[in-house]
Amino acid sequence: MQRKQLIGMGMVGLGGLLMYGLLRWQPEGAFGFLLMLTGVLLLVLGAGMWVLTPRPAHAEPSPSLQESPSRPWISWGIALVCLGVFLAVQMYPKLPAALGLRARSIRAGEYWRFVTYGFTHRRWMHLAGNLLSLLILGTRLENQYGRLRFCMVYLLGMQGGGFAFLAFDGAGTCIGASGALYGVMGFLLSVGIADRAMMGRFLYEYLIPLALVGAAESLFSPGVSGWCHAGGFLLGLLLGLGYLLHRALSSK
């Protein structure tokens, strides 16, 4: 393991400890906000160094990352937008009600909420968890399958999660990028299980553990819309199976 990766792991650990301390003692005011922002930055930057550090020149290149060597600008851009909206929410606490997904608002014709809800977070732990997943899963999908496929899976996963929330839950307001990220997870999981050689160690070191943690969160965490997670994940699975079918037919 390279030095940059070790530094990244240390930053993630330090950011996690800082977040735990904030959750336990809940400091208020500008000091608490500064600590929260520091913890989020440590998690985001540390995860980026940990996951995105290239292998040494003598190492065998991963076949899954040869298709698109460019940087994952779309994933990074989404992370910055989510962070910017989160900071705006801290200044304007009523903003989630204006951007989140609500059944009565959709019935009133406010369909743009199907997009804005996926970039809105109220709690720093919610944001930090989603940014970490985005930097691990989103960058992988974008690098491996290209920006266009990543955008398609991300946005459709977001819509799948939103529709599932409205159809099977519909209580309160739904916010967060979780539906989109579960769509990314479902796509990578279906493709990775079918082609383990292409996905490599990423399948066992990151993807399956994240899927298990996500399933436990969806089932047992209070205040979490499991239907939104399930809708995004199912749509991601279907998109992954469609990709595999298209690849199989094209190779004949």
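Counting from 1, the numbers follow the sequence of the chain as shown.
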Review point. Is there side-chain contact between Tyr145 and Val153, with at least one heavy-atom pair below 4.5 Å?
Key: no

Exercise for review: Could I get the full list of ring-ring contact (aromatic ring centres under 6.0 Å, His included) partners for Phe233, not counting sequence neighbours?
Suggested key: none

Practice item. Looking only at non-hydrogen atoms, find the nearest pair between Ala88 and Leu95 and report the distance. Key: CB-CD2, 3.9 Å

Point to revise | Sidechain-backbone polar pair: Ser105 side chain, Leu101 backbone, donor-acceptor under 3.5 Å | key: no

Review point. More than 12 non-hydrogen atoms from neighbouring residues, nucleotides or ligands closer than 6.0 Å to CG on Leu148, yes or no?
Key: no

Point to revise | Minimum side-chain heavy-atom gap Tyr117-Met158 below 4.5 Å | key: yes

**Study point:** For Tyr111 against Ile106, the heavy-atom pair lying closest together
**Key:** CE2-O, 3.6 Å

In a table with atom names and distances, give each donor-acceptor pair under 3.5 Å that connects a side chain of residues 186-193 to protein atoms at least two apart or in another chain.
| unit_1 | atom_1 | unit_2 | atom_2 | d |
| --- | --- | --- | --- | --- |
| Ser190 | OG | Gly186 | O | 3.2 |
| Ser190 | OG | Phe187 | O | 2.9 |

Exercise for review: Report yes if the distance between the aromatic ring centroids of Tyr182 and His229 is under 6.0 Å, otherwise no.
Suggested key: yes

Check your understanding: Who pairs with Ser75 by side-chain hydrogen bond (donor to acceptor under 3.5 Å, both in side chains), at least two apart in sequence or on another chain?
Key -> Glu142

Point to revise | Heavy-atom closest pair, residues Val81 and Phe119 | key: CG1-CD2, 3.7 Å

Check your understanding: Is the gap between the ring centers of Phe163 and Phe114 under 6.0 Å?
Key -> yes

Check your understanding: If you group Ile, Leu, Val, Met, Phe, Trp and Tyr by side-chain heavy-atom gaps below 4.5 Å, do Ile208 and Leu237 land in one group?
Key -> yes

Check your understanding: Looking at Tyr243, is Arg149 sitting on its ring face, NZ or CZ under 6.0 Å from the six-membered ring centre and within 45 degrees of the normal?
Key -> no

Point to revise | For the student: nearest non-hydrogen atoms of Trp76 and Thr139, plus distance | key: NE1-CG2, 4.0 Å

Review point. What distance do Leu245 atom CG and Leu238 atom CG have between them, rounded to the nearest 0.5 Å?
Key: 12.0 Å

**Study point:** Leu181 reachable from Val115 in the ILVMFWY side-chain graph, under 4.5 Å edges
**Key:** yes

**Study point:** Side chain to side chain, Ser178 and Asn130, heavy atoms closer than 4.5 Å
**Key:** yes

Review point. Can Leu234 be reached from Leu156 by stepping across I, L, V, M, F, W or Y side chains whose heavy atoms are under 4.5 Å apart?
Key: no

Check your understanding: So do the side chains of Phe150 and Ile78 get within less than 4.5 Å of each other, counting heavy atoms only?
Key -> yes

Study note, to complete from the structure: CE of Met185 to CZ of Arg140, rounded to nearest 0.5 Å, is 14.5 Å

Practice item. Determine whether more than 12 heavy atoms belonging to other residues, nucleotides or ligands lie under 6.0 Å from atom CH2 of Trp73. Key: no

Exercise for review: Look only at the side chain of His121 and the backbone of Val85, and say whether a donor-acceptor pair between them is shorter than 3.5 Å.
Suggested key: no

Study note, to complete from the structure: Shortest non-hydrogen pair, Gly231 vs Ala164, comes out as CA-CB, 3.7 Å

Revision key, fill the gap. Interatomic distance, OG1@Thr120 vs CD1@Ile175, rounded to 0.5 Å, equals 6.5 Å

Review point. Closest heavy-atom contact between Pro96 and Arg122?
Key: CB-NH2, 3.2 Å

Practice item. Establish whether Phe86 and Leu80 are linked, either directly or via other cluster members, by ILVMFWY side-chain heavy-atom contacts under 4.5 Å. Key: no

**Study point:** Gap separating the CG atom of Leu141 from the CG atom of Leu134, nearest 0.5 angstrom
**Key:** 10.5 Å

Practice item. To the nearest 0.5 Å, tell me how far Cys228 SG sits from Asp169 CG. Key: 9.5 Å

Check your understanding: In terms of hydrophobic clusters joined by side-chain contacts under 4.5 Å, are Leu131 and Met125 together?
Key -> yes

Review point. Say you draw a straight line from OG1 of Thr173 to CZ of Arg113; how long is it, rounded to the nearest 0.5 Å?
Key: 7.5 Å

